[in-house]
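Reviewing the structure listed below.
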Amino acid sequence: MGMDGLFSIFPPEDFTLLCVILGLPLLGAFVNGVFGKRLGKEAVSLMALVAVGGSFMASCAAFFMLMQRQTETEAARFVWHGWKWLDISGNGDFQIPIEIAFSVDALSGGMALIVTGVGFLIHLYSTEYMAEDDGFHRFFAYLNLFIFSMLVLILGDNLPVLFIGWEGVGMCSYLLIGFWFTEEANAVAGKKAFVTNRIGDFGLLVAMALLVWHVGALDWQGIEAGANNLLTPIKIYPLGNGVPAWLPDFIRGPLTPEDPRGVRVTAATLVGFALFLGCAGKSAQLPLYVWLPDAMAGPTPVSALIHAATMVTAGVYLCCRMAAVFVLSPATMATIAIVGLATALLAASIAFAQNDIKKVLAYSTVSQLGYMFIGIGVGAFATGFFHVITHAFFKACLFLGAGSVIHAMHARIHDVDRSQDMRNMGGMRNFMPITHLTFLASCLAIAGLPLTSGFFSKDEILFKAYTSTIATPQVSDGEWIDRSTQVTWPAMQAWTPPEDLGRWIYTLALLGAVMTAFYMFRLYFRVFWGEFRGWTIVRGWVAPAGGHHGHDDHEHDSDEPLDGPKPHESALQITVPLVVLGVLAIFAGGLNAHAFFHSHLFDDWVAPVLATASSSVGEIEGAKEMMMPLLLPGIGAFAIGVGGAYWVYVMQRGEPAASFVEKVPWLHRIVYEKWRVDELYEETFIGAVDTLGDMAVWVDQYVVDAVVARVTSFAVAASGTILRTMQTGRVHAYGAVMVAGLGALGWFFIAPQAVVTVLADDDSGVYSVTASPGLGYQYRWDEDGDGELDSDDFGDKARVDVQLGRSEVRLVQVEVKNALGFRSIEQIGLFRPQRDGASDGLAGAAQEAKEAADSAAKSQKALQDIQRVLQQAGGNLPGAGKQPAPKPVGGAP
Amino acid sequence: MIGAGNVLFVIAGILALAGALITVSSRNPIRGAMGLLATIFGIALLFLKLNAQFLAAIQVIVYAGAVVVLFVFVIMLLGPDALGEVGSFPKGKSKVSRGIGGGLLAILAGVALVLLAGRGGAHVRFGDVQPDHGSVEAVGGLLFSRGLVAFELATALLIVAVIGAIAVARGKQTKSHLTPAQRGDGEFFHGTVVARDDRGRPPSKGDG
Amino acid sequence: MGALLGNVLEHYVMLAGVLFTIGAVGFLVRRNVLVQLMSIELMLNAVNLAFVAYNRVHGDDMNGHMFVFFIIAVAAAEVAVGLAIVLSFYRLTGSVHSDDADALKG
Amino acid sequence: MDLVIALSPLLAVGFGGLMLMLAEAFGKPSEEGISKTTGDVVDAGAGRGAELGLGASVVLIAGAVMAVGVWIVGPETLEGVADVAPYLLIDRFSLFFTFVLCLGGAFTALLGGGYLPEHRIDRSEFFPLVLFSTFGAIALAMSGDLLSLFVGLETMSLGVYCLIGLRRGSARATEAALKYFLLGSFAAALTLFGAALLYGATGHTDLVGIGEAVATIGQPDSTVAAMPVLLALALTLAGLGFKVAAVPFHQWTPDAYEGAPTPATAFMAAVVKTAAFAILLRVLLVGFGEERLMSWGTGWPPVIATLAVLSMTVGNVVAGRQESVKRMLAYSSIAHAGVALVGVAATIRSTEDATASVLFYLLVYTVSTAGAFGALILCGSRGAEAVSYEDLAGIAKRHPAAALAFSLFLLSLAGFPPTAGFFGKLYVFQSAIDSELYVLVIIGLVNSLIGAYYYVRVMVYMYMREPVPGAPVAKPMSSGMVTSAIVLAALLVLGLGILPGVSLDMAIAAAARGG
């Protein structure tokens, strides 16, 4: 059947193939979940594999169809509309319909291929890996459900549908982490993941609300089309129009001396931050990364699939999806890049100190995710996304390889913790050659050996970090009706990041690359090279007196294994996925090899989708020529890292030491007793690194964990306990609290509330001040600002208009009397700025903003700034502002 | 000038206030019930003064005849246990209690006086009313015309009260208090819920 | 003032307010459940007085009187249920002290 | 005839209650195992909990269906409706609530039908009390006059006091009844005094008349004084705040919820709270809907907002510190009242949308909380009831269906998509954003984070903990009625989550007529 046949079955505007892609894993989950126990392991495996495999085939078909339709400039996009889910009322009278709809384009098509393809391999792997587990069918039901949720996340055509998948993958991850839920650690890890992700979800929800409000759409096309609406100043302070003064300037935007309240943050920045909070939760970025390493407590295929290849990259995917929104806010972009960088470095340093093979990989994943966000943050969306794909290959391969090693170790050791401990490994290349080779391939890729996939993706990120620039958007003039007041903002420019930010990111990210290469090869050498150190760890083995831990078992001859099986290569179901992924890890870079082959297949493929966003991303002058010069340090980083690891872990423990024996006898002893050399390194070089790692772990444990998790949870728990003690169980106490509450209510209603709204017009200088209405209120004013109230009598006049000259400051007072004769006085400071075209200049930092404002004034309308001073007394929440004490005046009856 | 009507108001008011104070302050609930009775009569007199003959009658019949009698009946049923408050008020911690009570009373009464009188406003004098204002015919006619709906709703209320009172109170009326050990509920013997019980009652499996 | 006594709305309302306050304070400070119930009755009586007094001002619509009629009916029902609960409580604990009802807390 | 149609839901529930009383009075006590199901009490109708419960739920569902019927016919086309106004207002607003209240009552009846025999408190009075109490709740939701408000409120409340105290042998149940009764009567007295002041100030007891009279304040020829109105507002808010369990009028809630038999707890959470919100909305929007009273400076919106913040925060924070799941749900109900109050405060700007969001939220909350209590009932049996978190440890292995259902309801209460609870929260917070109450929204969202913690904690115990050896554990019961209630609630939770549009449209229509 040719392409035309496919198109006639699945027309692009009603693309039911998506239902096949989505439906198969769901069907698999259902069948395995409900009937799995009766079906037996073979049938369950078959069902799960067919479901994901079929989904993969369908994804391939969709992908080819996309290729058929997509041109260089125009993105192909196939949609399937399900049904209308709900209506959300937008800003104004119109309704925003939210559909259950799915779509596939270059971005989501590629991601779907990865998810189903890598997912299929991992399913295959799991059929062997989990073969002896009691919950076999349950495991595959969850795994299929995960694939389904992930596909919903990717293929969803709007944010709410994505959010369903977003929550779904979280739930599946939670279920799978806790799969061996008899273990307390798994249960705790599951909960930690759950709660941390909720913080991220909070951000995503806020972002959705803001998008509804400002853009009026939640589907991808609608958001992209209306994204420019986000370039308006936004009110983030609840009732006032300003931004709190304590916020840093780059959030507040440029400050002009004339306008003491500052220019406001744009909606794009707010949306960007909220979205990024969501992405940071799911993709384990600072400070929300804490859950990911703990989540590795689950079965290894789960770590490979969910916590390395797919789910954790959902945040990156969302960032690419919403690229058109992110580029509108340079502040958000810079934040993303910096957070990504910090995460990459911190996680890499922690990885030095780990001995658990999966922990090293976990921190490495966090670190690599950091790189992806650097890519996003500097505007290299395609490159960041390309790193998602290469990372999926090599990290899945690494995890599966680690799983294969653990599987082999476990056959001997029968202890989960010790079979994952690198100190018990070594020399594994002799026992499991296929695992070794694939693992090596992936290690080379992640460390960035030239021409491997990781080299191309990571170095492209570094290159882009150095050369990319984000255009500073022009913030349009905005206005909104705030109760009775109309407020207008002048056009202006958004905040621009400092120029050398890119260079700093490049330099530090390079350092991270060295660290990556080092710790990955530390892992590789310790696991696969040297001698097997696991012989001692056998049931019934007793250490001789003064015996050491397993990792320095120099007293034993490695050629004489004690009881117990030797580690052996794993079965075909495990090695086949390893080989496939290993090959991809090496060669997938060819898709986007800018450096040597000038191949940019991948960039071209996603470019139409990212076209809107890319138009805001430029590059510094001479970027093309910088490619090679910037590449060399990257290659150097690989060489230094790997070389260092080699020198430390291989050279000094092997042959060179033996040759010393003959030449320098006095050194013989030390060299012979190579563990002392080890210890020396432990003390010095490694010690330093370890200390660094330990410090990072400490920071992780006591600062991030403590601040993010403990302090808040402690505060909540403590206040809960205190409030609990107030629940004494005594009727009187309850009654007294009720009466106190009633008293407070009565007080609020009886005390007059002098709340004032100011409608300001700087041009004409007329400021009208309106006191809030109240039952039985009467007012008297001090309009002329002499400090004396103008009249002795109270009247009904609730509003005065004050005429001010330029630069005049006046303190207007209003006294309110309520029906009981209680009074409250309120002072309102009015100020008319000197804003007269060229009359006086604006101070240095805000020069650009001033020019923008001037040009806007010329082209659009007279520069107008209706200001509004909202006195906050009682205007926020009752009791929040100062509340004047009522003063009884007048005779009592 | 102090006319007969004014005397009636003063007497009835004092009767009501004194009764109320006795109700809330007497240690013996029987005396409290008598205080309540006085208040009820005082208010019935005021009703008469306000041309509310029908309500005055109802007030006496229902409150005095039913409610207070019910109170007295229960107090008698409980016997000396009805005193209830050993040492809390007015003995023992009485100074604090009385202080708090008196303070609250003073504050709330002051607030009530100040607010309710509509400070500074002119006093509203009663005008003339129709001769049948507050008569049985007037109120009754209203009850069975416009107020019929509410009247019907009240039937449901009375049914609920009857069923409920029977459901809650019926059963053996012997004075067989559960021992402290039995006071825990069979429902709640699990885990920390019982541990929180500061009386240290061991859990009971029975359900009374 | 004397001539007005008893012919002015405010006097009745003040009296009702004071009675209501006495009842509320009694409810809050007394520990004897029976007395607390009586205090609630006092409060309802005060409300009745206020209603009737207001009705005297608002003329012949008799709405206030009707309201009082229902309040009296409800009060009677409430007392019946309340005393049933008190009896039940007494049977189980041997006490009519509301502070003895403190097993549920926290 | 029109009037009969219009009142049919109310009449159905009332007559159903009477029929149930007759059936109970003249029915023969079940011969078998009376002592097994009722403890020491043998009376007519005893031991027939299952049948009576079924009957009551049929009556209540019939009431709900009739409410839908009247909705379809259109209450505004029925002529006799004006005859019962203002005491009973038959409009879409009250029909929506009638439907929700009947639904909540039906859940209670089904749960009671399973729970009472299992725990040997098979008292036949339970079901007529549920019916009449629901009757009172419906009357309360329909009332447009302070008089019927008061009568309806008391009818509902007296029924609930008795439902709690029904478990005569239990000191805790009686204590709960006593506390709720004392404080409830106190709060009712406060509300009444407010009513008296309103009547005095305006000369009206009907809400429309009150609203109109309040609007004249400040006009030269007005005879209405401001101060009594404001005082009455404070008193009314306190009294209704008590019924919706808003902080600081909430303290009875955990005690009463914990001590009551679980179906009665479900009734309090689902029906009483919903009815109280119905009348709160009506009183505030009709009686006190005047522009100056709805202003942020001096009116009730800031007060409601404060109550909302306090309720959400206190409810969630304390709920996290509970050992008893039932008590935790009680505190969570306080927090949910807070969320609904956010919607009430949001009526300051987009009145209809905000009202609709509250209505939808109450529907969702009714279903979710009734389901949660049902699942809690299903997880326990006589002598091994599910009370504390430890009792639930590992229940997923012993009764996976109950654990799954419980999880679903907890997720809905926590507001996870795509359950109904998510949309409930979404709409409320959205209407708050429309009214620019950003602080409220942020506090609400932070609170739902805190809330997620303790809801998830239950699931952790159910799925990931094993009971301590030798510790008492809850033994799941089996009851077709409880199961059917849970299934119904689960379908609704999912249905409202997947297709929230229909019911939301209804809520919007209801808000348009009622506000």
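Each chain gets a letter, A, B and so on, in the order its sequence line appears, and its residues count up from 1. Below, all heavy atoms of this structure are taken into account, side chains as well, without hydrogens, waters or symmetry copies.
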Exercise. Looking at D:Cys162, D:Gly165, D:Pro254, D:Ala195, which makes the most heavy-atom pairs under 4.5 Å with chain C?
Worked result: D:Ala195
Problem set entry | Residue selection (most heavy-atom pairs with chain D, distance under 4.5 Å) from C:Ile71, C:Val86, C:Val33 | C:Ile71
For this session: Show your working on side chain to side chain contact (heavy atoms under 4.5 Å, CB included) between D:Leu198 and C:Tyr54 and close with a plain yes or no.
Result: CA-CA 10 Å; D:Leu198 272 182; C:Tyr54 280 131; over 6 Å; no
For this session: Considering non-hydrogen atoms only, spot the tightest contact between D:Phe150 and C:Phe70 and give its length.
Result: CE2-O, 4.4 Å
For this session: With sequence neighbours excluded, tell me which residues meet ring pair (Phe, Tyr, Trp, His ring centres under 6.0 Å) with C:Phe51.
Result: C:Phe67, D:Tyr199
For this session: Examine whether an atom of D:Ala256 lies under 4.5 Å from a heavy atom of chain C, and if so say whether it belongs to the side chain, the backbone or both; otherwise answer neither.
Result: neither
Problem set entry | Contacting region of C:Val57 [heavy-atom separation from chain D under 4.5 Å] | neither
Exercise. Can you say whether D:Leu146 sits under 4.5 Å from chain C via the side chain, the backbone, both, or neither, judging by heavy atoms?
Worked result: both
Exercise. Given the options D:Leu190, D:Ile164, D:Leu178, which has more heavy-atom pairs under 4.5 Å with chain C than any of the others?
Worked result: D:Leu178
Exercise. If you round to the nearest 0.5 Å, how far is CG of D:Leu182 from CG of C:Leu37?
Worked result: 6.0 Å
Exercise. Between the side chain of D:Lys179 and the main-chain N/O of C:Ala101, is any donor-acceptor distance below 3.5 Å?
Worked result: yes
For this session: Sort C:Asn55 into side chain, backbone, both or neither according to what part of it lies under 4.5 angstrom from a heavy atom of chain D.
Result: both
Exercise. Between D:Arg172 and C:Leu104, what is the shortest heavy-atom contact and its length?
Worked result: NH1-CD2, 3.1 Å
Exercise. Is the shortest heavy-atom distance from the side chain of D:Phe186 to the side chain of C:Gln36 under 4.5 Å?
Worked result: no
For this session: Please report the closest heavy-atom contact between C:Asp102 and D:Glu175, naming both atoms and the distance.
Result: N-OE2, 3.4 Å
Exercise. Roughly how far, to the nearest 0.5 Å, is CZ of D:Arg167 from CG of C:Leu92?
Worked result: 12.0 Å
For this session: Grab the two heavy atoms, one from C:Glu78 and one from D:Phe181, that are nearest each other, plus how far apart they are.
Result: O-CZ, 3.4 Å
For this session: Measure from the side-chain N and O atoms of D:Arg327 to the backbone N and O of C:Lys105, and report whether any donor-acceptor pair falls under 3.5 Å.
Result: yes
For this session: Taking all non-hydrogen atoms of both residues into account, name the closest pair between C:Ile40 and D:Ser185 and its distance.
Result: CD1-CB, 3.5 Å
Exercise. Do you know which two heavy atoms are closest between C:Ile85 and D:Thr174, and how far apart they sit?
Worked result: O-CG2, 3.9 Å
Exercise. Roughly how far apart are D:Thr205 OG1 and C:Met66 CE, rounded to 0.5 Å?
Worked result: 6.5 Å
Exercise. Side chain, backbone, both or neither: which part of D:Thr223 has an atom under 4.5 Å from a heavy atom of chain C?
Worked result: neither
Exercise. Quick one: what part of C:Leu9 sits under 4.5 Å from any heavy atom of chain D, side chain, backbone, both or neither?
Worked result: neither
